[in-house]
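As structure tokens, the structure follows; a few thoughts come after it.
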Amino acid sequence: MTASASEHADRFTLLRPLLFTIAYEILGSTTEADDVLQDSYLRWADVDLSTVNDTKSYLARLVTRQALNALRAGARRREDYVGPWLPEPLLLDEQDPSADVVLAESVSMAMLVLLETLTPDERAVFVLREVFGFDYGEIAEAVDKSAATVRQIAHRARQHVQARRRRFAPVDPEQNARITAEFMAAASSGDVQTVMSMLAPDVVWTADSGGKASAARRPVVGADKVARAVVGLMSRGMQIPDVRVDTVICNAAPAVLLYRGDHLEGVFTVEIADGKITNFYAMRNPDKLAAATTVREIRRS
């Protein structure tokens, strides 16, 4: 590797967690984010470094453009998607999700689902401005718009998100881990009443199968219906030979990985507010589980 190639690699590697986070929040897909970073690096490797004044800003613009291209290219696939669409699970390393509340909320399942309701430009502008704090001039270059237009897009996207976002509860990792463990134990044993007592009255179960695995095609709403669905799933599942569960952190929230032997059958992410479970996100689509056990590092800077 030449000295120039080494410097390209060093600069990119240093910023990789930030660049991955930008791509993932724009796309909602770890595999597509990986593809964007790979393509962006190939383009970066041909750049004359003497022309780069700010590596972070340059690479963020490059990754944003590539992510927007991928998002637009995949729009038709999402329109034709069978059942609810959920982002690919983001398995996090040991970093404390509560250490950066803005980052934790930005990668939460609820926020990523909400971002799906924005246009591609609105999503990119919102993510770059509200999560990563880039100035309007930098964002304008990334999305190929004027700074004045970017301000308008940012305002419109912010209003849209604020009107639809739920209150994001600060993460208490120890409490959430305890609640999740108690809930899983009750569900596995078939204790419907205990399960119901741990659910918010308007709890929602949303499953993404893409039509490729057994899962509810519409969200299930209400403590009674969700409790019976979860208990049925868990109690049946635990009777199958070679089934095991691992408790992890996905999208800055407690999650359960369900295995049958060495095969990952599903990822179930839990959202908790005020000590009650408010949402379950069940990923059953095998295409979206392919990279679900790859641990990621995310950053805002």
Side-chain angles (χ1 to χ4, degrees), residues 17-30 33 60 63-64 67 71 84-120 122-134 139 153-177 179-180 200 202-206 208 219 248-256 267-283 292 295-301:
L18 166 70
L19 301 175
F20 172 83
T21 311
I22 291 173
Y24 176 73
E25 294 195 12
I26 291 175
L27 291 163
S29 166
T30 58
V63 166
T64 297
L71 186 62
W85 183 97
L86 291 176
E88 289 184 15
L90 178 69
L91 181 61
L92 297 178
D93 60 13
E94 295 300 318
Q95 65 195 48
D96 181 358
S98 65
D100 186 335
V101 173
V102 172
L103 182 60
E105 181 182 21
S106 72
V107 298
S108 69
M109 284 286 181
M111 177 57 77
L112 291 169
V113 169
L114 175 50
L115 291 180
E116 281 293 304
T117 63
L118 300 176
T119 68
E122 287 173 343
R123 183 167 184 166
V125 169
F126 180 86
V127 165
L128 292 177
R129 180 64 182 170
E130 299 299 318
V131 180
F132 298 97
F134 286 99
I139 300 171
I153 294 172
H155 178 70
R156 188 166 63 243
R158 192 182 305 114
Q159 283 190 318
H160 181 96
V161 170
Q162 289 176 347
R164 291 162 177 80
R165 83 201 302 174
R166 296 193 305 272
R167 180 178 65 84
F168 183 76
V171 177
D172 183 338
E174 291 185 4
Q175 181 194 48
N176 287 0
I179 291 172
T180 303
D202 56 351
V203 61
V204 180
W205 170 281
T206 306
D208 179 337
V248 296
I249 296 294
C250 281
N251 298 86
V256 172
V267 177
F268 304 89
T269 307
V270 179
E271 285 187 352
I272 299 171
D274 300 324
K276 298 284 188 180
I277 296 172
T278 58
N279 277 274
F280 289 96
Y281 299 98
M283 178 53 66
V295 177
R296 312 286 183 164
E297 180 185 357
I298 58 173
R299 283 210 311 260
R300 281 202 300 146
S301 60

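Predicted, not measured: the structure shown is a model, and the values here were computed from it. Along the sequence shown, residues carry numbers from 1.
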Could you grab the distance from atom [atom1] of [X] to atom [atom2] of [Y], nearest 0.5 Å is fine?
X	Y	atom1	atom2	result
Leu92	Ile249	CG	CD1	7.5 Å
Ile153	Thr119	CD1	OG1	7.0 Å
Ile277	Glu271	CD1	CD	11.0 Å
Leu112	Trp85	CG	CH2	7.0 Å

Results of ring pair (Phe, Tyr, Trp, His ring centres under 6.0 Å) for Phe126 - residues two or more places apart only:
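Partners of Phe126 under the ring pair (Phe, Tyr, Trp, His ring centres under 6.0 Å) test: none.
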For [X] against [Y], the heavy-atom pair lying closest together:
X	Y	value
Ala33	Leu27	N-CD1, 4.0 Å
Ala252	Val107	CB-CG2, 4.2 Å
Pro87	Met283	O-CE, 3.4 Å
Ala253	Thr269	CB-CG2, 4.0 Å
Cys250	Val267	SG-CG1, 4.1 Å
Ile22	Ala60	CD1-CB, 4.0 Å

Could you tell me whether the side chain of [Y] reaches within less than 4.5 Å of the side chain of [X], counting heavy atoms only?
X	Y	answer
Tyr24	Thr30	yes
Ile26	Leu115	no
Val125	Phe134	no
Val203	Phe280	yes
Leu128	Thr64	yes
Leu103	Ile298	yes
Phe20	Leu90	yes
Val113	Glu116	no

Side chain to side chain contact (heavy atoms under 4.5 Å, CB included) between Ser108 and Asn251, worked out: CA-CA 5 Å; Ser108 69; Asn251 298 86; 5.5 Å; no
Residues at least two apart in sequence or cross-chain that pass side chain to side chain donor-acceptor pair (under 3.5 Å) with Asp208, listed by chain then number, are Tyr81, Lys288
With [X] via side-chain contact (heavy atoms from CB on, under 4.5 Å) - residues at least two apart:
X	result
Gln162	Arg158, Arg165
Ala200	Asp202, Lys276, Thr278
Val131	Glu25, Ser106, Arg300
Arg164	Leu114, His160

Q.
Could you check whether any side-chain N or O of Asp100 sits under 3.5 Å from a backbone N or O of Val102, counting only pairs where one atom can act as donor and the other as acceptor?
A. yes
Report task. Assess whether side chain to side chain contact (heavy atoms under 4.5 Å, CB included) is satisfied between Phe132 and Thr21, documenting all intermediate values. Result -> CA-CA 10 Å; Phe132 298 97; Thr21 311; 3.7 Å; yes
